[in-house]
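All remarks here apply to the structure that follows.
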Amino acid sequence: MKIRNITILVVALLLLDQILKIWIKTNMHLYEDIEILPWFHLHFVENNGAAFGMQLSNAGGFDWGKLLLSLFRVVMIGLLGYYINHLVKREKGTPRGVVIGLALILAGAIGNLVDSMFYGMIFTQSTPMTVATLGEGYSTFLMGKVVDMFYFPLFQWNNIPSWLSFLVDGNNYFFGAIFNLADAYISVAVVYLLIFHYKFFQS
(Lines give C-alpha, C1' and ligand atoms only; values in the text may rest on other atoms or scores of the structure.)
Protein backbone atom coordinates (compact mmCIF):
# COMPACT_ATOMS: atom_id res chain seq x y z
CA MET A 1 0.00 0.00 0.00
CA LYS A 2 1.05 3.57 -0.60
CA ILE A 3 1.29 6.15 2.17
CA ARG A 4 -1.29 8.25 0.33
CA ASN A 5 -3.84 5.42 0.47
CA ILE A 6 -3.16 4.82 4.16
CA THR A 7 -3.58 8.54 4.84
CA ILE A 8 -6.91 8.58 3.00
CA LEU A 9 -8.08 5.56 5.01
CA VAL A 10 -7.08 7.11 8.35
CA VAL A 11 -8.70 10.44 7.48
CA ALA A 12 -11.93 8.74 6.34
CA LEU A 13 -12.13 6.69 9.54
CA LEU A 14 -11.36 9.76 11.63
CA LEU A 15 -14.11 11.76 9.92
CA LEU A 16 -16.69 9.04 10.58
CA ASP A 17 -15.68 8.95 14.24
CA GLN A 18 -15.82 12.72 14.65
CA ILE A 19 -19.07 13.23 12.74
CA LEU A 20 -20.81 10.72 14.99
CA LYS A 21 -19.31 12.18 18.18
CA ILE A 22 -20.24 15.74 17.25
CA TRP A 23 -23.80 14.65 16.40
CA ILE A 24 -24.10 12.88 19.76
CA LYS A 25 -22.58 15.83 21.60
CA THR A 26 -24.89 18.41 20.02
CA ASN A 27 -28.12 16.39 19.85
CA MET A 28 -28.26 14.33 23.04
CA HIS A 29 -28.26 15.16 26.74
CA LEU A 30 -25.57 13.56 28.86
CA TYR A 31 -26.74 10.04 29.88
CA GLU A 32 -29.60 10.15 27.38
CA ASP A 33 -30.41 6.73 25.95
CA ILE A 34 -31.89 5.98 22.52
CA GLU A 35 -32.95 2.38 21.90
CA ILE A 36 -32.19 1.44 18.30
CA LEU A 37 -32.79 -2.27 18.93
CA PRO A 38 -33.44 -4.08 22.23
CA TRP A 39 -29.77 -5.13 22.26
CA PHE A 40 -28.29 -1.95 20.75
CA HIS A 41 -28.58 1.53 22.27
CA LEU A 42 -27.03 4.93 21.76
CA HIS A 43 -26.18 5.98 25.31
CA PHE A 44 -24.28 9.24 25.66
CA VAL A 45 -21.53 9.33 28.29
CA GLU A 46 -18.23 11.17 28.60
CA ASN A 47 -14.97 10.22 30.27
CA ASN A 48 -11.57 11.77 30.87
CA GLY A 49 -9.86 9.64 28.30
CA ALA A 50 -9.98 5.99 29.34
CA ALA A 51 -11.41 3.48 26.87
CA PHE A 52 -14.92 1.98 26.92
CA GLY A 53 -16.56 4.64 29.04
CA MET A 54 -14.35 4.05 32.07
CA GLN A 55 -13.85 7.02 34.34
CA LEU A 56 -10.47 8.21 35.53
CA SER A 57 -10.69 9.37 39.11
CA ASN A 58 -9.84 12.95 39.93
CA ALA A 59 -9.82 13.91 43.57
CA GLY A 60 -9.96 17.61 42.74
CA GLY A 61 -7.65 20.26 41.43
CA PHE A 62 -5.76 19.96 38.19
CA ASP A 63 -6.18 16.56 36.54
CA TRP A 64 -2.57 15.50 36.00
CA GLY A 65 -3.61 11.96 35.09
CA LYS A 66 -5.70 13.28 32.22
CA LEU A 67 -2.84 15.46 30.98
CA LEU A 68 -0.33 12.61 31.14
CA LEU A 69 -2.72 10.29 29.29
CA SER A 70 -3.19 12.86 26.53
CA LEU A 71 0.56 13.42 26.20
CA PHE A 72 1.13 9.67 26.16
CA ARG A 73 -1.34 9.39 23.30
CA VAL A 74 0.49 12.10 21.36
CA VAL A 75 3.79 10.21 21.70
CA MET A 76 2.26 6.85 20.79
CA ILE A 77 0.51 8.29 17.73
CA GLY A 78 3.82 9.72 16.55
CA LEU A 79 5.61 6.40 17.04
CA LEU A 80 2.83 4.42 15.35
CA GLY A 81 2.79 6.78 12.37
CA TYR A 82 6.56 6.42 12.06
CA TYR A 83 6.30 2.61 12.26
CA ILE A 84 3.61 2.45 9.56
CA ASN A 85 5.73 4.67 7.32
CA HIS A 86 8.73 2.42 7.96
CA LEU A 87 6.80 -0.75 7.07
CA VAL A 88 5.42 0.72 3.86
CA LYS A 89 8.64 2.26 2.57
CA ARG A 90 11.31 -0.14 3.82
CA GLU A 91 9.66 -3.48 4.49
CA LYS A 92 8.34 -4.41 1.07
CA GLY A 93 7.11 -7.81 2.24
CA THR A 94 4.77 -6.40 4.87
CA PRO A 95 1.27 -7.93 4.47
CA ARG A 96 -1.40 -5.43 3.51
CA GLY A 97 -3.54 -6.61 6.42
CA VAL A 98 -0.84 -5.57 8.89
CA VAL A 99 -0.73 -2.07 7.50
CA ILE A 100 -4.52 -1.75 7.46
CA GLY A 101 -4.75 -3.04 11.03
CA LEU A 102 -2.16 -0.53 12.23
CA ALA A 103 -3.95 2.23 10.29
CA LEU A 104 -7.16 1.37 12.18
CA ILE A 105 -5.33 1.64 15.49
CA LEU A 106 -3.82 4.96 14.42
CA ALA A 107 -7.23 6.35 13.39
CA GLY A 108 -8.76 5.25 16.69
CA ALA A 109 -5.98 6.78 18.75
CA ILE A 110 -6.21 10.08 16.86
CA GLY A 111 -10.00 10.07 17.14
CA ASN A 112 -9.98 9.96 20.94
CA LEU A 113 -7.08 12.40 21.12
CA VAL A 114 -9.05 14.96 19.08
CA ASP A 115 -11.77 14.88 21.74
CA SER A 116 -9.21 15.58 24.46
CA MET A 117 -7.43 18.27 22.47
CA PHE A 118 -10.35 20.36 21.25
CA TYR A 119 -13.75 19.42 22.69
CA GLY A 120 -13.10 21.20 25.97
CA MET A 121 -12.25 24.37 24.06
CA ILE A 122 -15.06 24.48 21.50
CA PHE A 123 -18.10 22.91 23.21
CA THR A 124 -20.06 23.96 26.26
CA GLN A 125 -20.32 21.44 29.07
CA SER A 126 -22.68 18.49 28.45
CA THR A 127 -25.20 17.97 31.24
CA PRO A 128 -28.20 15.68 31.85
CA MET A 129 -30.45 18.71 31.26
CA THR A 130 -28.97 20.57 28.29
CA VAL A 131 -27.45 19.78 24.91
CA ALA A 132 -23.92 21.04 24.33
CA THR A 133 -23.35 23.80 21.80
CA LEU A 134 -20.40 25.53 20.24
CA GLY A 135 -19.31 28.10 22.74
CA GLU A 136 -16.54 29.30 25.00
CA GLY A 137 -15.76 25.79 26.13
CA TYR A 138 -15.45 24.15 29.52
CA SER A 139 -11.77 23.22 29.61
CA THR A 140 -8.36 23.81 28.06
CA PHE A 141 -6.22 22.21 25.37
CA LEU A 142 -5.71 18.44 25.93
CA MET A 143 -8.21 18.43 28.81
CA GLY A 144 -11.49 17.78 26.98
CA LYS A 145 -13.68 14.76 27.64
CA VAL A 146 -14.03 11.81 25.26
CA VAL A 147 -17.52 11.06 23.89
CA ASP A 148 -18.81 7.46 24.03
CA MET A 149 -22.16 6.20 22.78
CA PHE A 150 -22.38 2.52 21.75
CA TYR A 151 -24.08 0.33 24.36
CA PHE A 152 -25.00 -3.33 23.85
CA PRO A 153 -27.17 -4.70 26.71
CA LEU A 154 -26.97 -8.26 25.38
CA PHE A 155 -28.34 -10.16 28.37
CA GLN A 156 -28.58 -9.85 32.12
CA TRP A 157 -26.33 -11.93 34.33
CA ASN A 158 -27.74 -11.94 37.83
CA ASN A 159 -25.95 -13.33 40.89
CA ILE A 160 -22.61 -12.87 39.21
CA PRO A 161 -19.55 -13.71 41.37
CA SER A 162 -17.83 -10.60 42.65
CA TRP A 163 -14.58 -11.46 40.89
CA LEU A 164 -16.42 -11.33 37.53
CA SER A 165 -18.30 -8.11 38.25
CA PHE A 166 -16.16 -6.21 35.73
CA LEU A 167 -18.04 -8.05 32.97
CA VAL A 168 -21.39 -6.40 33.73
CA ASP A 169 -22.75 -2.89 34.23
CA GLY A 170 -24.89 -1.50 37.02
CA ASN A 171 -27.97 -3.31 35.70
CA ASN A 172 -26.10 -6.63 35.43
CA TYR A 173 -26.01 -6.55 31.64
CA PHE A 174 -23.13 -8.56 30.22
CA PHE A 175 -20.49 -6.41 28.55
CA GLY A 176 -21.91 -3.17 29.87
CA ALA A 177 -19.07 -1.11 28.43
CA ILE A 178 -19.98 2.01 26.46
CA PHE A 179 -17.60 2.85 23.65
CA ASN A 180 -17.17 4.87 20.46
CA LEU A 181 -16.04 4.22 16.90
CA ALA A 182 -12.42 5.00 17.76
CA ASP A 183 -12.45 2.34 20.49
CA ALA A 184 -14.02 -0.10 18.02
CA TYR A 185 -11.30 0.58 15.43
CA ILE A 186 -8.59 -0.20 17.95
CA SER A 187 -10.26 -3.30 19.42
CA VAL A 188 -11.11 -4.86 16.06
CA ALA A 189 -7.64 -4.16 14.71
CA VAL A 190 -5.84 -5.62 17.73
CA VAL A 191 -7.90 -8.82 17.65
CA TYR A 192 -7.44 -9.11 13.88
CA LEU A 193 -3.66 -8.63 14.10
CA LEU A 194 -3.30 -11.12 16.96
CA ILE A 195 -5.32 -13.79 15.16
CA PHE A 196 -4.14 -13.42 11.58
CA HIS A 197 -0.75 -11.73 11.73
CA TYR A 198 0.89 -12.75 15.00
CA LYS A 199 3.63 -14.57 13.06
CA PHE A 200 4.61 -11.30 11.38
CA PHE A 201 5.17 -9.60 14.71
CA GLN A 202 6.95 -12.65 16.11
CA SER A 203 9.47 -12.44 13.29
Side-chain angles (χ1 to χ4, degrees), residues 1-24 36-43 45 47 49-54 56 69-117 146-155 157 160 163-169 173-203:
M1 292 187 69
K2 296 181 180 180
I3 289 295
R4 181 184 64 183
N5 295 337
I6 298 169
T7 302
I8 292 173
L9 174 62
V10 170
V11 170
L13 293 171
L14 181 60
L15 284 175
L16 287 175
D17 174 68
Q18 289 300 309
I19 288 170
L20 178 58
K21 286 176 177 175
I22 292 172
W23 185 89
I24 293 290
I36 308 298
L37 295 169
W39 49 267
F40 172 45
H41 295 206
L42 290 179
H43 186 85
V45 299
N47 65 75
F52 296 102
M54 293 183 292
L56 296 177
L69 179 60
S70 295
L71 292 176
F72 174 77
R73 279 192 169 129
V74 171
V75 173
M76 293 308 298
I77 287 169
L79 292 175
L80 184 56
Y82 174 82
Y83 182 53
I84 293 173
N85 183 68
H86 169 79
L87 291 178
V88 172
K89 290 189 174 181
R90 299 185 182 181
E91 302 292 337
K92 300 302 182 182
T94 302
R96 176 173 294 193
V98 170
V99 177
I100 292 175
L102 293 175
L104 278 166
I105 295 174
L106 181 62
I110 295 174
N112 283 335
L113 181 63
V114 167
D115 296 25
S116 297
M117 292 174 69
V146 175
V147 174
D148 292 316
M149 76 293 292
F150 293 135
Y151 175 47
F152 292 86
L154 300 178
F155 61 87
W157 189 358
I160 184 172
W163 59 279
L164 288 177
S165 60
F166 68 94
L167 292 176
V168 298
D169 63 10
Y173 279 108
F174 177 72
F175 189 62
I178 301 171
F179 59 98
N180 56 43
L181 267 181
D183 296 329
Y185 296 158
I186 295 171
S187 300
V188 169
V190 169
V191 172
Y192 166 76
L193 291 173
L194 288 175
I195 293 176
F196 296 103
H197 295 287
Y198 68 94
K199 291 184 178 179
F200 172 82
F201 292 101
Q202 280 184 329
S203 63

Quiz item: For atom CZ of Phe201, is the number of surrounding heavy atoms from other residues, nucleotides or ligands below 6.0 Å larger than 12?
Solution: yes

Quiz item: How far apart are the closest heavy atoms of Gly97 and Leu193, and which atoms are they?
Solution: O-CD2, 4.0 Å

Self-check item: side chain to side chain donor-acceptor pair (under 3.5 Å) against Asn180, all qualifying residues, sequence neighbours excluded
Solution: Asn112, Asp148

Quiz item: How long is the span from the CD1 atom in Ile84 to the CD1 atom in Ile6, to the nearest 0.5 Å?
Solution: 6.5 Å

Quiz item: Roughly how far, to the nearest 0.5 Å, is CD1 of Ile186 from CG of Leu106?
Solution: 9.5 Å

Self-check item: Steps toward side chain to side chain contact (heavy atoms under 4.5 Å, CB included) verdict (Val45, Phe179)
Solution: CA-CA 9 Å; Val45 299; Phe179 59 98; over 6 Å; no

Exercise. Would you check if the side chain of Lys89 reaches a backbone N or O of Ile3 as a donor-acceptor pair within less than 3.5 Å?
Key: no

Self-check item: Within-4.5 Å side-chain heavy-atom neighbours: Leu14 and Tyr185
Solution: no

Quiz prompt | Summary of salt bridge (charged side-chain N to carboxylate O under 4.0 Å, His left out) pairs that have at least one residue in residues 189-203, sequence neighbours excluded | solution = none

Quiz item: Is Leu79 close to Tyr83 at the side-chain level, that is, under 4.5 Å between some pair of heavy atoms?
Solution: no

Quiz item: Above 12 or not: heavy atoms from other molecules or residues under 6.0 Å from CZ of Phe72?
Solution: no

Practice problem: Considering non-hydrogen atoms only, spot the tightest contact between Lys21 and Val147 and give its length. | Solution: CE-O, 3.7 Å

Exercise. Measure the acute angle between the ring planes of Phe150 and Phe152, then classify it against the limits of 30° and 60° as parallel, tilted or perpendicular.
Key: tilted

Exercise. Dump the intermediate steps for side chain to side chain contact (heavy atoms under 4.5 Å, CB included) on Val114 and Gln18, then the final yes or no.
Key: CA-CA 8 Å; Val114 167; Gln18 289 300 309; 3.5 Å; yes

Exercise. Name all residues meeting the ring pair (Phe, Tyr, Trp, His ring centres under 6.0 Å) criterion together with His197; count only those two or more places apart in sequence or in a different chain, and write none if there are none.
Key: Tyr192

Quiz prompt | Heavy-atom check, side chain of Leu13 versus side chain of Asp17, under 4.5 Å | solution = no

Practice problem: Might you point out which heavy atoms bring Ser70 and Ser116 nearest each other, and give the distance in Å? | Solution: OG-CB, 3.7 Å

Practice problem: Drop me the distance from Ile110's CD1 to Asp115's CG, to the nearest 0.5 angstrom. | Solution: 12.5 Å

Exercise. Sort out for me which residue in Thr94, Val10, Leu80 forms a side-chain contact (heavy atoms from CB on, under 4.5 Å) with Leu102.
Key: Leu80

Quiz item: What is the distance from atom CD1 of Ile22 to atom CG of Leu15, rounded to the nearest 0.5 Å?
Solution: 9.5 Å

Quiz item: Say you draw a straight line from CG of Leu9 to CG of Leu104; how long is it, rounded to the nearest 0.5 Å?
Solution: 6.0 Å

Quiz item: Looking only at heavy atoms, which two atoms of Pro153 and Trp39 are closest? And how far apart?
Solution: CD-O, 3.5 Å

Quiz prompt | Gap separating the CE atom of Met149 from the CG atom of Asp183, nearest 0.5 angstrom | solution = 9.0 Å

